[in-house]
Amino acid sequence: MLVTSVGKMRLEKPGMVASGVMDETGPSMVRMLRSGAGAVVTKSIGSEPNPGHPNPVFTELKGGYINAMGLPNPGIELFGKEMEIAAKNGNIIGSIYGSSPEEFSALAVKMERYGAAAVELNLSCPNAAGYGMEIGTDPSVVGSIVSAVKSAVSIPVWTKLTPNTHMIKDLAMAVQDAGGDAVVAINTVKAMVISPMFGKPILSNKFGGLSGPAIRSIGVRAVFEIRTVVDIPIIGVGGISDWKDAAQYLMAGACAFQIGSAVGTKGIEVFDTINSELERFMKDYGYSSISKMVGVAHE
Ligand code: DHB
């Protein structure tokens, strides 16, 4: 009943682990696949090892988390070992970040070689100069990156968009026009927290990305708007922590969803809980499949 598909990719369960959560090692990704997630998106991986920003990089607040890790990762060569452990066990989506079409393409080729079921282009990190949302808010740049990656690999190419723009529909259209296989919406919302006692920002990067329940209605709105302009699959993400949140994204037009912060607040059981409660809702309300729920809020 919970089977869904993102284009040609079939998922036994509609919820995936969002990038940045329990996805730095092969064994942690396997653990998530066994906890009711239909797929796991890896931590965003770049060309070279990157230590990320100095501490503090993370803080909790009412309604969510703010983080500015600075894209820490071991680099694509070392990450191959983790991919090879994880990809044998299920759908692993390789999240990658770069600063040019060439860099994204080279990373995608390696992810494909390591067994990734798809790549997710991080064009939306709010915390890194020259990367993520700095390049991901220009539709022509987004289009040129997607089309370069599409010509370099044969696995599906997903693009994760930022909500930090008034042009998310244009970005989604640029993805579709460039041949992109799916849009992932949304990444974190650029935000900040100041400590009154210290009289300065808490994060070393000053700004960070807000995630969790506080951003859910922004994400649902973004997915709804994107659905009005593109036909390619949409994967909804942002503030999902229970079946009602997931149902909102599906009804706005997403065919699958991702969960990040709620793995922190609710534990890895969040996937099993949402799966069984969503199934209960579908039975009670006469939805015989996930696809029957997708986009119903537009009708
Ligand atoms: C970071 C990356 C992201 O894509 C995001 O949404 C938040 C933080 C980071 O590594 O800083």
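S124 pairs in a side-chain hydrogen bond (donor to acceptor under 3.5 Å, both in side chains) with only one of the listed residues (T137, T165, N187, T188), which is N187.
Side-chain N or O atoms of S195 include none that pairs as donor or acceptor with a backbone N or O of I202 at under 3.5 Å. Counting only distance, with no hydrogens or angles, the side chain of N164 and the backbone of K190 share a donor-acceptor pair below 3.5 Å. The backbone N or O of I135 lies less than 3.5 Å from no partner atom in the side chain of D138, so there is not a single donor-acceptor pair. Checking side-chain atoms of N73 against main-chain N and O of L71 turns up a donor-acceptor pair under 3.5 Å. Between the side chain of Y114 and the backbone N or O of A87, no donor-acceptor pair lies under 3.5 Å. Judged purely by atom type and a 3.5 angstrom limit, T42 uses its side chain to pair as donor or acceptor with the backbone of S95. Remark: side-chain polar atoms of D177 are not paired, donor with acceptor, to backbone N or O of G143 under 3.5 angstrom. The main-chain N or O of I232 is found under 3.5 Å from a side-chain atom of Q176 such that the two form a donor-acceptor pair. A donor-acceptor pair is defined here as one N or O able to donate and one able to accept, closer than 3.5 Å; such a pair exists between the side chain of D23 and the backbone of G20. Proximity of a side-chain donor or acceptor of R227 to a complementary backbone N or O of V230 within less than 3.5 Å is detected.
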(request) Evaluate side-chain contact (heavy atoms from CB on, under 4.5 Å) for V184 paired with V41, printing each intermediate quantity in order. (result) CA-CA 11 Å; V184 183; V41 187; over 6 Å; no
(request) Test S47 against L107 for side-chain contact (heavy atoms from CB on, under 4.5 Å), laying out the working first. (result) CA-CA 7 Å; S47 309; L107 289 162; 4.1 Å; yes
(request) Could you check L33 against V40 for side-chain contact (heavy atoms from CB on, under 4.5 Å), going step by step and ending with a plain yes or no? (result) CA-CA 7 Å; L33 288 170; V40 176; 3.9 Å; yes
(message) L210 vs I66, test: side-chain contact (heavy atoms from CB on, under 4.5 Å). Steps then yes/no.
(response) CA-CA 4 Å; L210 177 63; I66 295 192; 3.8 Å; yes
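For the residue pair S261 / S211, a side-chain donor-acceptor distance below 3.5 Å is found, with atom types taken as modelled.
Between E279 and K283, at least one side-chain N (NZ, or NE/NH1/NH2) sits under 4.0 Å from a carboxylate O, which counts as a salt bridge.
For the residue pair I215 and G238, the shortest heavy atom distance occurs at CD1-CA, 3.9 Å. Taking all atoms of both residues into account, the shortest heavy-atom contact from T4 to C255 is OG1-O, 2.7 Å. Between E103 and S99, the shortest heavy-atom distance links the atoms OE1-N, 2.8 Å. The two atoms that bring G209 and P126 nearest to each other are CA-CG, 3.8 Å, heavy atoms only. Residues V149 and S105 come closest through the heavy atom pair N-OG, 3.7 Å. M83 and G115 make their closest contact through CE-C, 4.5 Å (heavy atoms, listed as atom of the first residue, atom of the second, distance).
Hydrophobic clustering of Ile, Leu, Val, Met, Phe, Trp and Tyr side chains at less than 4.5 Å, counting indirect connections, keeps I240 apart from V6. Under the 4.5 Å side-chain contact rule for hydrophobic residues, I268 and V270 share a cluster. Residues V237 and I226 are members of separate hydrophobic clusters, defined by side-chain heavy-atom contacts under 4.5 angstrom among Ile, Leu, Val, Met, Phe, Trp and Tyr. The cluster map of Ile, Leu, Val, Met, Phe, Trp and Tyr, joined by side-chain heavy atoms under 4.5 Å apart, puts I155 and V175 in the same cluster. Both I76 and I145 are assigned to one and the same hydrophobic cluster, defined by single-linkage of ILVMFWY side chains at heavy-atom distances under 4.5 Å.
For E134, there are no side-chain hydrogen bond (donor to acceptor under 3.5 Å, both in side chains) partners, not counting sequence neighbours. The salt bridge (charged side-chain N to carboxylate O under 4.0 Å, His left out) check on K150 picks up D181, with sequence neighbours excluded. In terms of the salt bridge (charged side-chain N to carboxylate O under 4.0 Å, His left out) criterion, residue partners of K110 (sequence neighbours excluded) are, by chain and number, E77. Considering only residues two or more places apart in sequence or on other chains, E12 meets the salt bridge (charged side-chain N to carboxylate O under 4.0 Å, His left out) condition with R10. For K266, the side-chain hydrogen bond (donor to acceptor under 3.5 Å, both in side chains) test picks out no residue, with sequence neighbours left out. Looking at residues two or more places apart in sequence or on another chain, you find no salt bridge (charged side-chain N to carboxylate O under 4.0 Å, His left out) involving D231. Every residue two or more places apart in sequence or in another chain was checked for a side-chain hydrogen bond (donor to acceptor under 3.5 Å, both in side chains) with S5, and none qualifies. When the side-chain hydrogen bond (donor to acceptor under 3.5 Å, both in side chains) test is applied to D284, the partners found at least two apart in sequence or on another chain are R280.
A heavy-atom distance below 4.5 Å is found between the side chains of L121 and F104. Here the side chains of E120 and Q258 are in contact, with some heavy-atom distance below 4.5 Å. Side chains of P74 and I45 form a contact here, defined as non-hydrogen atoms less than 4.5 Å apart. By the 4.5 Å heavy-atom criterion applied to side chains, K160 and N122 are not counted as neighbours. Between V109 and E112, every side-chain heavy-atom pair lies at or beyond the 4.5 Å cut-off. Residues I93 and M9 are in side-chain contact: their nearest non-hydrogen atoms beyond the backbone lie under 4.5 Å apart. Using a 4.5 Å cut-off on side-chain heavy atoms (C-beta onward), P139 and M173 make no contact. Taking 4.5 Å as the limit, every side-chain heavy atom of L123 sits out of range of all side-chain heavy atoms of T162.
Annotation: ring pair (Phe, Tyr, Trp, His ring centres under 6.0 Å) contacts involving residues 14-71, sequence neighbours excluded, comprise F58-Y65. Listed by first then second residue, pairs satisfying ring pair (Phe, Tyr, Trp, His ring centres under 6.0 Å) with a partner in residues 116-172 read Y97-Y131, not counting sequence neighbours. Judged as a ring pair (Phe, Tyr, Trp, His ring centres under 6.0 Å), the pairs with a partner in residues 267-299 (not counting sequence neighbours) are, in order, F224-H298, W243-F281, F281-Y285, F281-Y287.
In this structure, R31 CZ and N89 CG are separated by 14.5 Å, a value rounded to the nearest 0.5 Å. To the nearest 0.5 Å, the span separating CG on L203 from CG on N55 amounts to 10.0 Å. The structure places CD1 of I290 at 11.5 Å from NZ of K292, a figure rounded to the nearest 0.5 Å. Remark: I85 CD1 to E82 CD distance equals 5.0 Å, nearest 0.5 Å. Between the CE atom of M16 and the CG atom of L11 there is a distance of 5.0 Å, given to the nearest 0.5 Å. Interatomic distance, OH of Y249 versus CD1 of I259, reported as 10.5 Å (0.5 Å rounding).
By the 4.5 Å side-chain criterion applied to Ile, Leu, Val, Met, Phe, Trp and Tyr, L78 is assigned to no cluster and stands alone.
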